[in-house]
Each structure stands twice: as C-alpha cells, then as structure tokens.
Amino acid sequence: MNAMILAAGRGERMRPLTDRCPKPLLEAGGKPLIVWHLERLRAAGFSRVVINHAHLGEMIERALGTGDRWGLEIAYSAEGVALETAGGVAFALPLLGDAPFLVVNGDIWCDFDFALAPRMASLLAGGEIDACCVLVPNPAHNPGGDFALAASGQIAPPFARLRADAGPALTFSGIAVYAPRLLQGVQRGARAPLAPLLRLAAERGRAAGLRHDGRWVDVGTPQRLAELDAQLRRED
C-alpha cells in the first residue's frame, strides 16, 4: 500500500517561518514535522511514500533524499505551482497506482497508528465507499467540527448531526485512505480543494470515518508549533 504526504502548501499562516523553509521541514521536538510521519509510516510497514511539493520544493528533496535513511522509497511529485489538496493528489495518481492509498497532511503531528490503514482500505474494496477519514475531537480553532460519525461508520456533513444515527461533530484530521475514483472528476494539473469532494462523498453515503482519540495537532501557526516543540522536548 502506498502513502502520500501533502507538502506543497505555502504556509501563509506560518510566515515568516515559511518564507525560507517549507512548512513540513519546520522542526518540533528536534526533527522536521515530515520526518515524524516518515518514521511512523516505516514503523507501520509502509515502504513507499509519495511527497508532493511546490513552495521551496527543492529543499524538501535535498533534506529527505531517496528516503533510504528511513528504510523507505520516496517518490516526488513536483507541481511547480501548488495545486491544492485534491489537485495535488490527482496530479500524483500515476505514482500512487490503482489501489487505495493513504494520504497524510504534512503540517500535522499525530500519534495515529498508520498500521490501521490497510483495514481502512478494506472498506473501499467493494466500490461503495470512496474515502475513509480519520476524525478527531474538535480543537479550539474548529469548534463546529467537519463531519458527524454515525454508528454505521459512515460520516455525514455537519447538518446531518440532526439525524438520530449521527454522533457528535468531529474534525477531519488530515489523515485518510482514498480510492483513486474519488479524484476522477479532477483534471490532472488543475487546482482543486479536497474538502468539497469529501463533503459530496459524505452526502452520498460514500465516505466512512474512524475516530482517533489520541494526540493530534494542526500545526497551523507559529504559536502551535512552539507549543508542540516545547511539549515534545519535555517528553524527550
């Protein structure tokens, strides 16, 4: 099973830190954010990772190389100009293959067990589900959540929380397993966000979810990065 780390964003909210360093290479706990992902992916049994890049992408390639130091094979999807989330995944499909694949945002820190990805992928095998998303309790910066997780395992848009079978609102973690067919409407090379595709899949009953109650940080601001760095260094 292949994995993809999304690393092409400009990181506007992280400026000035990202003016000279791509966001996934910013350090927390003594190592770049993206290296935490690489280590956990290898520990979970992954051997091949696709990384897309645009802003300062050459720095990512120089820093990570072929991936052999982590026992991984890294393939790069160079976009030139960032294609947003769905556009970036669609552009990388030739590197990802025809089977479901794991996608992880490069600007999060999470202790989710990536070894669960094959089980998530099995939900997509029958063709009735296009995405299985990891959901987390809502952080302070997203109190309304993104999806409701029903007892059936399907996810629904926020308005569906009124349904009897829908649980509380949860936040999309930026970790998911997708079938390539989720991106079939995205023209390769076009810019396209992922959120509308996920909401549409949820509305059609074609998206599942998995709740993660462990640690998760959306490292979206310098303050959150500093807080995460301090926490990890205390635990070291």
Side-chain angles (χ1 to χ4, degrees), residues 1-9 11 22-29 31-54 57 60 63-64 67 70-77 79 82-93 95-97 99-121 123-124 130-136 139 146-147 170-180 182-183 193-195 197-198 207-212 214-220 224-225 228:
M1 183 177 185
N2 289 323
M4 179 175 184
I5 300 176
L6 299 177
K23 186 160 53 171
L25 291 184
L26 294 175
E27 292 195 359
K31 69 183 75 170
L33 293 171
I34 199 169
V35 170
W36 287 97
H37 289 332
L38 294 175
E39 291 177 346
R40 288 191 167 121
L41 287 167
R42 185 67 189 98
F46 284 83
S47 60
R48 189 169 187 272
V49 178
V50 176
I51 299 174
N52 71 332
H53 63 69
I60 294 176
L64 305 181
W70 299 283
L72 294 166
E73 174 194 348
I74 295 179
Y76 295 99
S77 178
E79 297 174 8
L83 300 175
E84 299 190 50
T85 44
V89 177
F91 191 75
L93 282 178
L95 298 173
L96 292 166
F101 48 84
L102 175 71
V103 174
V104 185
N105 284 3
D107 58 354
I108 63 169
W109 189 96
C110 187
D111 61 3
F112 178 73
D113 185 1
F114 292 131
L116 294 173
R119 189 184 310 174
M120 296 165 66
L123 300 176
L124 282 58
D130 299 330
C132 184
C133 303
V134 177
L135 307 177
V136 296
D146 300 310
F147 295 103
L170 297 168
T171 290
F172 176 46
S173 67
I175 303 171
V177 172
Y178 302 128
L182 178 71
L183 290 304
L194 186 59
L197 295 182
L198 291 180
L210 177 68
R211 177 170 176 146
H212 175 64
R215 297 169 65 185
W216 175 83
V217 180
D218 173 10
V219 191
R224 287 183 219 154
L225 178 66
L228 174 63

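Nothing here was measured: the structure is a model prediction, and the numbers come from that model.
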Where do [X] and [Y] come nearest, in terms of heavy atoms and distance?
| X | Y | answer |
| --- | --- | --- |
| Met1 | Ala121 | CE-CB, 3.9 Å |
| Pro193 | Glu84 | CB-OE1, 3.5 Å |
| Pro180 | Gly97 | CG-O, 3.7 Å |
| Ala86 | Leu183 | O-CD1, 3.7 Å |
| Phe114 | Leu41 | CD1-CD2, 3.6 Å |
| His37 | Asn105 | NE2-O, 3.0 Å |

Could you check whether any side-chain heavy atom of [X] comes within less than 4.5 Å of a side-chain heavy atom of [Y], counting everything from C-beta outward?
| X | Y | result |
| --- | --- | --- |
| Leu64 | Val35 | yes |
| Leu72 | Leu38 | yes |
| Pro24 | Ile5 | no |
| Asp218 | Pro139 | no |

The reported gap from CD1 in Ile34 to CG in Leu26 (rounded to nearest 0.5 angstrom) is 11.0 Å
Chi angles and distances behind the side chain to side chain contact (heavy atoms under 4.5 Å, CB included) call for Ile51, Ile60: CA-CA 9 Å; Ile51 299 174; Ile60 294 176; 4.3 Å; yes
Name all pairs fulfilling the salt bridge (Lys or Arg N to Asp or Glu O under 4.0 Å) condition that reach into residues 37-53, sequence neighbours left out, sorted by first residue then second. Lys31-Glu39, Arg48-Glu73
Counting distance only, does the side-chain N/O of [X] pair as donor-acceptor with the main-chain N or O of [Y] below 3.5 Å?
| X | Y | answer |
| --- | --- | --- |
| Trp109 | Trp36 | no |
| Asp146 | Phe172 | yes |
| Ser173 | Val136 | no |
| Asp130 | Leu182 | no |
| Asn2 | Phe101 | no |
| Asn52 | Ala7 | yes |

In chain order, what residues pass the side chain to side chain donor-acceptor pair (under 3.5 Å) check against His53, with sequence neighbours excluded? Glu61
Applying side chain to side chain contact (heavy atoms under 4.5 Å, CB included), run through Val103 and Leu194 and close with a yes or a no. CA-CA 11 Å; Val103 174; Leu194 186 59; 5.8 Å; no
Positive for side chain to side chain contact (heavy atoms under 4.5 Å, CB included) with Val50, one of Val89, Leu96, Leu6: Leu96
So which of Val177, Leu210, Val134, Leu102 actually passes side chain to side chain contact (heavy atoms under 4.5 Å, CB included) with Leu116? Leu210
May I ask you to check whether over 12 heavy atoms, not counting those of Arg215, lie within 6.0 Å of atom CZ? yes
Applying side chain to side chain contact (heavy atoms under 4.5 Å, CB included), name anything that partners Ala115, two or more places apart in sequence or on another chain. Ala44, Asp113
